[in-house]
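So you know, we letter chains A, B, ... as the sequences are listed, proteins then strands, and number each from 1.
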2 protein chains.
Amino acid sequence: MAEAQGQRPPGPRSPQVGRPRRSRQALLDAAAEVFVSSGVDAPVREIAARAGVGVGTIYRHFPTRPELVVAVYRHQVEACAEAGPRLLAQCATPEEALRAWVELFVEFLVTKHGLADVLRGDSAGSDALHAFFVDRLVPVCGSLLDAAFAEAGTAPPIDAYNVLKGIGNLCIGAEADTRYEAVGLVQLLVTGVLTGRS
Amino acid sequence: MAEAQGQRPPGPRSPQVGRPRRSRQALLDAAAEVFVSSGVDAPVREIAARAGVGVGTIYRHFPTRPELVVAVYRHQVEACAEAGPRLLAQCATPEEALRAWVELFVEFLVTKHGLADVLRGDSAGSDALHAFFVDRLVPVCGSLLDAAFAEAGTAPPIDAYNVLKGIGNLCIGAEADTRYEAVGLVQLLVTGVLTGRS
DNA sequence: GTACATTACGGAACGCTGCTCCGTAATGCA
DNA sequence: TGCATTACGGAGCAGCGTTCCGTAATGTAC
């Protein structure tokens, strides 16, 4: 049901055979809606139902659940990555830039219900998600970190991968527990990382 | 089958009817063995098989999976809790005591495969586990924290609950990822917490 | 316009969870 | 010895991610 999303123009098309009738984008939109209303942990069946599609169709486009999650949040991660250099240029000090970027990252993780939970590369297929986050964001975090330590001439006490994953872990369960202050903890972690710098 | 475990003495007993034939302790031992070999995420069926018992028997003693986990590690948590005051008395400074205790806690979490993962009270039944850890350990962590800040006359920037849960989160996935240095991150978090004290 | 190869489609089915339920067997008391 | 009480095992349930396959739609060739 719901044959909405007139994504595909009816006019003449390139000479390719049998291409997706329901575009990949339509599935992503449905998934995004479900993630907002039911959290990132929502069953694949629910997403399929929302898209008016069988589960098979989803798995044809996104072989594994985490890959669907990656696809949904890909351009948001991209935006976060691009914000790194920009903040470095805008802010008065590298430290300020690092803190601003971390804040951005945390807000992103905490906003999407349960995204942090699925970020941890726990065995099996979620490696894809983990890999994507890491590949795209570790270099950005690394350059911010390097910049913050450059003036002092010292090296960071820990590498960007660990900082990033540590922040991700600190955000787990943030929206499910009102007593838990993920933002504050992340700030303290950053403080710890920056300590002994200048 | 496997009527082993002659736990129960055949002699005269207190006037109680039909008590557990396979003692609760036998189940805990089996669970502990399985947790070591297959991780804390091991299926209940596997534990039941190891104990030579049906799943029903396990659920009669431990209504929910997390409660079984709690029971298995209860006295280790107890030991960790008791170490708090002792370290405070032994160490030269409260800060040293805090760091030593945190180290103890982290080692405990990291050693048991996946314990940290199940520690986060993610919905449903694992509340029991979460609650036990929190109830027993938060006061200990709190007194260590207070002691570390007492001399400075300032208050900790965050409460013991958050510190504890933050440490727990940082330990998630520690043994599954060789690049991830949970211990280092926790130390940096503690540094961040202690910063601005004296 | 018709026949064919190619592709996408939906959803039943599989294996795996944690957990419940119930007929059966063992136990202790009278 | 008989009976109420309790523990027992494991089949069964619901939910998950994922796989598979018969069917339907599509584009191409004639």
Side-chain angles (χ1 to χ4, degrees), chain A residues 1-3 7-8 10-24 26-27 30-31 34 38-69 114 117-118 122-129, chain B residues 1-24 26-27 30-31 34 38-69 114 117-118 122-129:
Chain A
M1 59 205 81
E3 207 67 26
Q7 215 80 1
R8 160 109 347 151
R13 306 191 24 69
S14 59
Q16 293 167 321
V17 285
R19 272 306 160 82
R21 292 191 282 247
R22 284 178 185 77
S23 76
R24 174 189 164 97
L27 298 182
V34 171
S38 305
V40 177
D41 294 333
V44 174
R45 283 163 174 75
E46 187 178 337
I47 299 165
R50 176 62 143 271
V53 142
V55 290
T57 299
I58 294 203
Y59 277 96
R60 206 162 313 105
H61 287 277
F62 310 99
T64 189
R65 226 194 82 89
E67 290 187 52
L68 171 60
V69 178
D117 295 45
V118 87
D122 63 337
S123 72
S126 80
D127 290 346
L129 200 166
Chain B
M1 57 204 84
E3 207 68 25
Q5 304 288 25
Q7 214 79 1
R8 161 94 5 137
R13 305 192 23 67
S14 59
Q16 291 168 321
V17 285
R19 272 306 162 82
R21 293 192 280 250
R22 284 181 187 75
S23 76
R24 175 189 165 97
L27 298 183
V34 171
S38 305
V40 176
D41 294 333
V44 175
R45 283 162 173 73
E46 187 178 338
I47 299 166
R50 176 63 144 271
V53 142
V55 290
T57 299
I58 294 204
Y59 278 96
R60 202 162 314 104
H61 287 277
F62 310 98
T64 188
R65 224 195 83 89
E67 291 187 52
L68 172 59
V69 179
D117 294 44
V118 86
D122 62 339
S123 74
S126 79
D127 289 347
L129 200 166

Check your understanding: When you match A:G56 and B:R60 each to their closest nucleotide on DNA chain D, which lands nearer the 5' end?
Key -> B:R60

Review point. Within less than 4.0 Å of OP1 or OP2 of D:dT6, is there a side-chain N or O belonging to B:H61?
Key: no

Review point. Reckon B:V44 touches a base, only the sugar-phosphate, or nothing at all at heavy-atom distances under 4.0 Å?
Key: sugar-phosphate

Check your understanding: Between atom CG in A:L27 and atom P in C:dA8, what is the gap in whole Å?
Key -> 13 Å

**Study point:** Distance in angstrom units between A:Y59 OH and C:dA8 P, rounded
**Key:** 18 Å

Check your understanding: Between B:I58 and B:L68, what is the shortest heavy-atom contact and its length?
Key -> CG2-CD2, 4.2 Å

Between protein and nucleic acid, restricted to nucleotides 14-16 of chain C and to nitrogen or oxygen atoms under 3.5 Å apart, what atom pairs and distances do you find?
none

May I have the list of side-chain donor-acceptor pairs in residues 42-50 of chain B shorter than 3.5 Å, sequence neighbours left out?
unit_1: B:E46; atom_1: OE2; unit_2: B:S38; atom_2: OG; d: 2.7
unit_1: B:R50; atom_1: NE; unit_2: B:E33; atom_2: OE1; d: 2.9
unit_1: B:R50; atom_1: NH2; unit_2: B:E33; atom_2: OE1; d: 3.3

Review point. In whole angstrom, what separates B:I58's CD1 from C:dC21's C1'?
Key: 17 Å

Practice item. Please state how far atom CG in A:D41 lies from atom C1' in D:dG17, giving the value in whole angstrom units. Key: 13 Å

Study note, to complete from the structure: From CD of A:E46 across to C1' of D:dA14 the rounded distance in Å is 16 Å

Review point. Of all the nucleotides listed (C:dG10, D:dT18, D:dG10), which has the minimum atom distance to the side chain of A:T57?
Key: C:dG10

Exercise for review: Report the end-to-end axis angle of the helix from C:dG1-D:dC30 to C:dA30-D:dT1; each axis comes from five terminal pairs, and the value is rounded to 10°.
Suggested key: 20°

Check your understanding: Nearest heavy-atom pair of B:E67 and B:F62: which atoms, and what distance?
Key -> O-CD2, 4.2 Å

Exercise for review: Measure from CZ on B:R24 to C1' on D:dC8 and round the result to the nearest Å.
Suggested key: 18 Å

Exercise for review: Grab the CD1-P distance between A:I47 and D:dG15 for me, whole Å please.
Suggested key: 17 Å

Practice item. Nearest whole angstrom, please: distance from the C1' of C:dG10 to the CZ of A:R50. Key: 19 Å

Point to revise | Any A:T64 side-chain nitrogen or oxygen under 4.0 Å from OP1 or OP2 of D:dT18 | key: yes

